[in-house]
Amino acid sequence: MNLIKKDRDITLDFMKTVLVLEMITAHVFQLCYSGGNKYIAAFSLFINVVTFSSFLFCFGCSSQLAYLGKYKVRAEVKQKLTKNFIRLLVCFYISGYAYLAFVGNGINILDIFKVLLLWRIPGYSEFLLSFAMLNVVIYACFKILQQVSVNKYKMGGVILISLIATFIPYKFIFIPIIGTFIGTTKFGCFPILQYFPFFILGVYCQRNKAFFNKKLFTIAFLITAAISCHVIYTHDIPKRFPPSLLWILWPIFFTLAYYWISNRLGKIVKNSGLKVFIDVFGAYTLDYLVISNVLIFITRKFYGNNMSIGMSLAFALFLFSICFLYGLIKMKIRNGLYLQKQ
């Protein structure tokens, strides 16, 4: 069953499907679960470590496919990037206002304007703003990114700058929108500069079809293993908000492993019935994160964080079903419009 009228990258769709299902499940446990189980806490920590970095890696892969590897001048991508920027910003507003209304202490006119002007960044929505602003970075640095993506030394230089940026004195960054780019202590930010190595790696891997680079995997494994051992033995988790050097480096192996596994499994499911599932979840990842966020926030408002493990898993499965049905309907509508144009 072919639901999509254009070729899509099965590896990216598979990876995004896994990530969005993990993220929805983690949000359910973080906001609705009563707590107390060490394995659930470990799962939640793992998702926190891996998910944003891996999504940014996917964003890099997608950008190489849709922009950097397809067009020569940035004027050609202006319309697409602007559309994507607006879509992501609207999603941030929807999720942000829902968070304030249902999880926070309510919402008033002042809150509405603060969020609208990006002076207040609500919880569980910060990553959406970072993705929105990443479109601005791609447009502003279009030629630079193209040059960096074909030169390993320049790529290494950009990655080094990003890692050094984890030592920025964050406490002096008090303007929220600037914090989205370089970090701040004012809210739980996902600063673009510090996480940028994952975007660059995504561009590189997509451009070179580097699903498994032995040297890169070895270095990544050693880094992730060393940090994991440090955490296990010292019980000292690297700082996430704003991100420390160890927090940025920690998920590197997991992200590359996800990409490689997604490529291998994607080939297996490509000609199976499961491809429908991957098509639907891979196509509208952003929509699902917003839909699930709003429903989780509403549930938290009226049910609190009193769910058992079983109920939390059942709720997560319910959210998967809602998202799948939404994606299926949206895809069929788009296919209908596509056929009308033929």
Count the heavy atoms of every other residue, nucleotide or ligand shown that sit under 6.0 Å from [atom1] of [X], and state whether that count exceeds 12.
| X | atom1 | value |
| --- | --- | --- |
| Phe318 | CZ | no |
| Phe221 | CZ | no |
| Asn108 | CG | yes |
| Lys72 | NZ | no |

N/O donor-acceptor pair under 3.5 Å between [X] side chain and [Y] backbone:
| X | Y | result |
| --- | --- | --- |
| Thr224 | Pro251 | no |
| Arg207 | Leu68 | no |
| Ser95 | Cys91 | no |
| Asn208 | Tyr204 | yes |
| Asn37 | Tyr39 | yes |
| Ser292 | Ile24 | no |
| Ser272 | Lys270 | no |
| Ser321 | Leu317 | yes |
| Thr285 | Phe281 | yes |

[X] side, atom [atom1]; [Y] side, atom [atom2] - distance, nearest 0.5 Å:
| X | Y | atom1 | atom2 | answer |
| --- | --- | --- | --- | --- |
| Ile248 | Leu163 | CD1 | CG | 8.0 Å |
| Met133 | Asn135 | CE | CG | 9.5 Å |
| Asn305 | Arg300 | CG | CZ | 4.5 Å |
| Ile47 | Phe254 | CD1 | CZ | 10.5 Å |
| Asn263 | Ile10 | CG | CD1 | 10.0 Å |
| Asp279 | Phe14 | CG | CZ | 12.5 Å |

Can you give each donor-acceptor pair under 3.5 Å made by side-chain atoms of residues 149-159, sequence neighbours left out, with the distance rounded to 0.1 Å?
| residue | atom | partner | partner atom | Å |
| --- | --- | --- | --- | --- |
| Ser149 | OG | Leu145 | O | 3.3 |
| Ser149 | OG | Gln146 | O | 2.8 |
| Asn151 | OD1 | Tyr153 | N | 2.9 |
| Asn151 | OD1 | Lys154 | N | 3.0 |

Show, in sequence, the C-alpha distance, side-chain angles and deciding distance for Ile173 and Lys186, and conclude whether the side chain to side chain contact (heavy atoms under 4.5 Å, CB included) test is met. CA-CA 8 Å; Ile173 311 300; Lys186 301 302 180 183; over 6 Å; no

Cation-pi, Phe55 ring and Lys16 (6.0 angstrom, 45 degrees): no

Taking the side chain as C-beta and beyond, is there a heavy-atom pair between [X] and [Y] under 4.5 Å?
| X | Y | answer |
| --- | --- | --- |
| Val231 | Pro238 | yes |
| Tyr258 | Leu19 | yes |
| Lys239 | Tyr170 | no |
| Trp250 | Ile223 | no |

Applying side chain to side chain contact (heavy atoms under 4.5 Å, CB included), run through Gln206 and Thr11 and close with a yes or a no. CA-CA 10 Å; Gln206 185 63 45; Thr11 298; over 6 Å; no

Would you kindly say whether [X] and [Y] are connected by a side-chain donor-acceptor distance under 3.5 Å?
| X | Y | result |
| --- | --- | --- |
| Ser34 | Asn306 | no |
| Thr166 | Gln194 | no |
| Tyr326 | Asp287 | yes |

Linked hydrophobic residues, Leu160 as query - side chain contacts closer than 4.5 Å: Ile164

Under 6.0 Å between the ring centres of [X] and [Y]?
| X | Y | result |
| --- | --- | --- |
| Phe217 | Phe212 | yes |
| Tyr195 | Phe199 | no |
| Phe190 | Phe131 | no |
| Phe127 | Phe52 | no |
| Phe198 | Phe57 | no |

For Tyr259 and Leu12, which heavy atoms make the closest approach, and how far apart are they? CE1-CD2, 4.4 Å

Nearest heavy-atom approach of Thr255 to Met15 is O-CE, 3.7 Å

Can you list the residues that meet the side chain to side chain contact (heavy atoms under 4.5 Å, CB included) rule with Ser308, with sequence neighbours excluded? Met311

Single-linkage hydrophobic cluster, 4.5 Å side-chain cutoff, [X] and [Y] together:
| X | Y | answer |
| --- | --- | --- |
| Phe241 | Phe167 | yes |
| Phe302 | Leu295 | yes |
| Leu325 | Tyr284 | no |
| Phe174 | Leu129 | yes |

N-O pairing of Lys275 and Asp13 below 4.0 Å: no

In sequence, state the C-alpha distance, the side-chain angles, and the governing distance for Tyr99 and Asn293, and then conclude on side chain to side chain contact (heavy atoms under 4.5 Å, CB included). CA-CA 8 Å; Tyr99 180 88; Asn293 265 6; over 6 Å; no

